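Proteins come first, then strands; the chains are lettered A, B, ... in the order of their sequence lines, and each starts at number 1. A quick note: this is a predicted structure, and the numbers were derived from the prediction, not measured. The figures here come from the full heavy-atom set of this structure, side chains too, leaving out hydrogens, waters and symmetry mates.
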Amino acid sequence: MAFHLSSTPPSSQSPHLHSFPPNPPHPLFSSSAQILHLSSPFLSSWKHKNPIKTPLPSLSSPPPKPLLPLHTPTKVSLQDPSPQTSLDSDSQSLDGQKPKTPSKNSIWINPNSPRAARLRHHSSDSRYARFAALAASLDSSDPTDAAVAAAISALADRPTEQDAVTVLNCMENSANAVLALRWFQNNIKINKEVILYNVTVKVLRKSKNWDGVEALWKEMLERGVKPDNVTFSTIISCAGFCNLPEKAVEWFEKMPEFACSPDYVTYSAMIDAYGRSGNIEKALGLYDRARQEKWRLDPVTFATVIRVYSHSGNFDGALNVYEEMKALGVKPNVVIYNTLLDAMGRAGRPWQVKTIFKEMDKKGVVPNRATYAALLRSYCKARYAEDALSVYRQMKEKGMEMNVILYNMLMSMCADIGCVDEAAEIFAEMKGLPDDCKPDSWSYSALITAYSCSGKVLEAEGLLNEMLEAGYQPNIFVLTSIIQCYGKARQTDDVVRSFDKLLELRITPDDRFCGCLLNVLTQTQTEELGKVINCIERANVKLGSLVKLLVDEGSANEAVKQEAEELFENISNEVKKAYCNCLIDFCVNLNQSEKACVLLDMALRLEIYTDLQSKSPTQWSLHVRGLSLGAALTALHVWMNDLSKALENGEELPPLLGIHTGHGKHKYSEKGLASVFESHLRELNAPFHEAPDKVGWFLTTKIAANSWLESRNLSESVSA
DNA sequence: AGTTCTCTCA
């Protein structure tokens, strides 16, 4: 028996714009793709589907107007700047540029901060804008009583109690917020001191400063200020943010002592606090109680429970809550929809994301930035490229801020599906954005992966250098990509050099990294195998010894079996299939078909490959979808032997026999697998033919199969 | 003046 992986990899790849099931594995570690390298057809097919001249017009050509107008700083000043003021400001800088430090009368607000968002929201409210400006000034003051006093008197003339609440509510710097609270307590007339404490606690929550909250609480009690329900729900939610569920319970239980009784907001905060700290049972228990006892439940509570379910991986639970909510007559708002969209995105159910988004539109709920961000995340994760890119364009059109994470997800998706050009364009766009949107290590990593996957060695190397210049150390992800890249280009010495770099950086190779080395091994010329095997040995001793057994023609099958089983006990589940695919391909490359069968057998026993063969009264089938070419051919060989045995035992074949290679709608390889598989079937004189009406299937009849199996047996017995 | 929407295979 001999079969070889003789054909060169096909260079076409099917687009998987709407892959189903979603979330195919990362191409670097894809369980099936590695000997069938396929590069980027996405762009062309996408262009074809969309009669637009350039796929990403706003990326490739300079836009007529700013794409992200929100990145333009919003100038907020206390008074309308008088000409004199402007002159003063300008005169501070010799080069005619805006002074770096804000002049006394104008405050520059980070346009990406939540404060800026609130400011835009309240843009018609000049009073709000004035106090937001004061809050910004207070945040950046020195943390001293004097500096805080100076900031307040510079920007606010005789603030009222209401002004104080507004200012504190806008602040972010917790130390200064406490000092500002102190100033207001000492300098203005206050009727409801508890409110000032409550808003200050909110500032502490922003920085997760639990100790500060406890200190304020103590101080309140000492001053005889009586906490109210708002105090409790704020403190409970703070405990939740700080991952201190026991503190949340402690304050919840303190309520009666202060003549407060929990209301629906308190319960919502408690459910949230439990949920955030991983107490799923308790969170859901509280929700159940709330329903049974017919407490008032509002959309916020439902959104919280949906999130608790979604983060615990129970996505149907999340949907159920949504149904329950509608059944109870509570109208879903934008936050509910956003939470649901996020949940279905996490679940990897982009089709449900679409349905929910449509429903939202039908009900007239206006999507906001969080909605679009959730859509983008879902589509990127599911590699619904067309949809993701469309959402991205819509966000830009609507002036909604992207951020580094969203950009990175978009780039990773492009990399995963082979859209190098798009990834590069997005990267270039990021470079032109303000600092907080500049490419970070993830961005570099994503584009390096994109280059690596499509064999652009020089580009990948260039970007790696750029990344180093930008001050980022290469991490395991980048080095995995680079090694993949060199392996594919058969630059074995560079593979070794990069591997040494990894060890030099004291990075411990993980299972995926070793899988990448294995994959490189399947692409390495015989005379250089030793170099790669040496790396594998250093990365993972067990894997190294298994590989050496496979290379050694004298090694016993039993030894291979034992070593492989030991190895597979110790690697993570997500890489097992990829390892099997590579190891079997390696055996096939080495002409060690028996060892390939040993490994295939083990993979079946460990249920790494499942349901390779199936039998119905009308059809027997072989399913090789998701297998590498070598593994698929090994499985075919085993199947043929099984069929012959069945005939020998006097069994009758069914009317139809079929081989399923996959329909090529997703993953990198299936289309490739089908075409390469077909040529191997021809070499074997196997009478299977591509089914015209069933994509990804090769079929034959009982009669043709019978005579083929007979002639095959005959020739084998002759040669024996 | 209170509870929810936030992130990447790290």
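- Residue A:R205 places none of its side-chain N or O atoms closer than 4.0 Å to OP1 or OP2 of B:dG2.
- At the heavy-atom level, A:T266 lies under 4.0 Å from base atoms of the strands shown.
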Enumerate donor-acceptor pairs with a distance under 3.5 Å from any side-chain N or O in residues 250-261 of chain A to protein atoms, sequence neighbours excluded.
none

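- Contacts between residues 301-313 of chain A and DNA chain B, defined by a heavy-atom separation under 4.0 Å, are made by A:A303, A:T304, A:R307.
- How far CG of A:L464 is from CG of A:L479: 7.5 Å, rounded to the nearest 0.5 Å.
- Between the C1' atom of B:dA1 and the OH atom of A:Y128 lies a distance of 13 Å, rounded to the nearest Å.
- Closest to the A:V265 side chain, of the nucleotides B:dT3, B:dT8, B:dA1, is B:dT3.
- Residues A:Y444 and A:F427 place their aromatic rings such that the two centres sit under 6.0 Å apart.
- Distance CE (A:M325) to C1' (B:dC5): 13 Å, rounded to an integer number of Å.
- Residue A:R369 places none of its side-chain N or O atoms closer than 4.0 Å to OP1 or OP2 of B:dC5.
- Contacts of A:S412 with the nucleic acid, taken as non-hydrogen atoms under 4.0 Å apart, are absent.
- Within the nucleic acid shown, A:D263 comes within 4.0 Å of at least one base atom, counting heavy atoms only.
- Nearest nucleotide to the A:R276 side chain, out of B:dT3, B:dC7, B:dC5: B:dC5.
- Looking at the side chain of A:I195, the nearest of the listed nucleotides B:dT4, B:dT8, B:dA1 is B:dA1.
- Among the nucleotides B:dC7, B:dA1, B:dT3, the one closest to the side chain of A:I405 is B:dC7.
- At whole-Å resolution of the value, CG in A:L376 and P in B:dC5 are 19 Å apart.
- Contacts of A:Y372 with the nucleic acid, taken as non-hydrogen atoms under 4.0 Å apart, are absent.
- Rounded to whole angstrom, the span from the CG atom of A:L341 across to the P atom of B:dC7 amounts to 16 Å.
- The side-chain contact (heavy atoms from CB on, under 4.5 Å) check on A:D163 picks up A:R127, A:F131, A:P159, A:T160, with sequence neighbours excluded.
- You'll find that the side chain of A:D342 is closest to B:dT6, out of B:dG2, B:dT6, B:dT3.
- Using a 4.5 Å heavy-atom threshold, the side chains of A:I152 and A:L138 count as touching.
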List the atom pairs, with distances to 0.1 Å, where a side-chain N or O of residues 295-306 of chain A and a protein N or O form a donor-acceptor pair under 3.5 Å, not counting sequence neighbours.
{"from": "A:W295", "atom 1": "NE1", "to": "A:E293", "atom 2": "OE1", "distance (Å)": "3.4"}
{"from": "A:R296", "atom 1": "NH2", "to": "A:Y264", "atom 2": "OH", "distance (Å)": "3.3"}
{"from": "A:D298", "atom 1": "OD1", "to": "A:T301", "atom 2": "N", "distance (Å)": "3.1"}
{"from": "A:D298", "atom 1": "OD1", "to": "A:T301", "atom 2": "OG1", "distance (Å)": "2.7"}
{"from": "A:T304", "atom 1": "OG1", "to": "A:V300", "atom 2": "O", "distance (Å)": "2.9"}

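- A:N229 comes within contact range of at least one nucleobase, with a heavy-atom separation under 4.0 Å.
- As rounded to whole Å, 14 Å separates atom C1' of B:dC7 from atom CG of A:L375.
- The salt bridge (Lys or Arg N to Asp or Glu O under 4.0 Å) analysis of residues 501-510 of chain A, with sequence neighbours excluded, yields the pairs A:K501-A:E504.
- In this model, a side-chain donor or acceptor of A:S268 finds a partner on the base of B:dT3 within 3.5 Å.
- A:A248 meets the side-chain contact (heavy atoms from CB on, under 4.5 Å) test with A:I236, A:A239, A:M270, A:A273; sequence neighbours excluded.
- In this structure, A:M395 atom CE and B:dC5 atom P are separated by 17 Å, rounded to whole Å.
- Residue A:Q162 places its side chain closer to B:dA1 than to any other of B:dT8, B:dA1, B:dC7.
- Here B:dT6 is the nucleotide among B:dT6, B:dC5, B:dT3 with the atom lying nearest to any side-chain atom of A:A374.
- In this structure, the nucleotide among B:dT8, B:dT6, B:dT3 sitting nearest to the side chain of A:N408 is B:dT8.
- Taking atom NZ on A:K192 and atom P on B:dA1, their separation rounds to 11 Å, with Å as the unit.
- Between A:N333 atom CG and B:dT4 atom P the separation is 13 Å, expressed in whole Å.
- Interface remark: the A:T234 side chain does not form any donor-acceptor pair with the B:dG2 base, using a distance-only criterion of under 3.5 Å.
- Checked by atom type, the side-chain pair A:N333/A:K331 shows no donor-acceptor distance below 3.5 Å.
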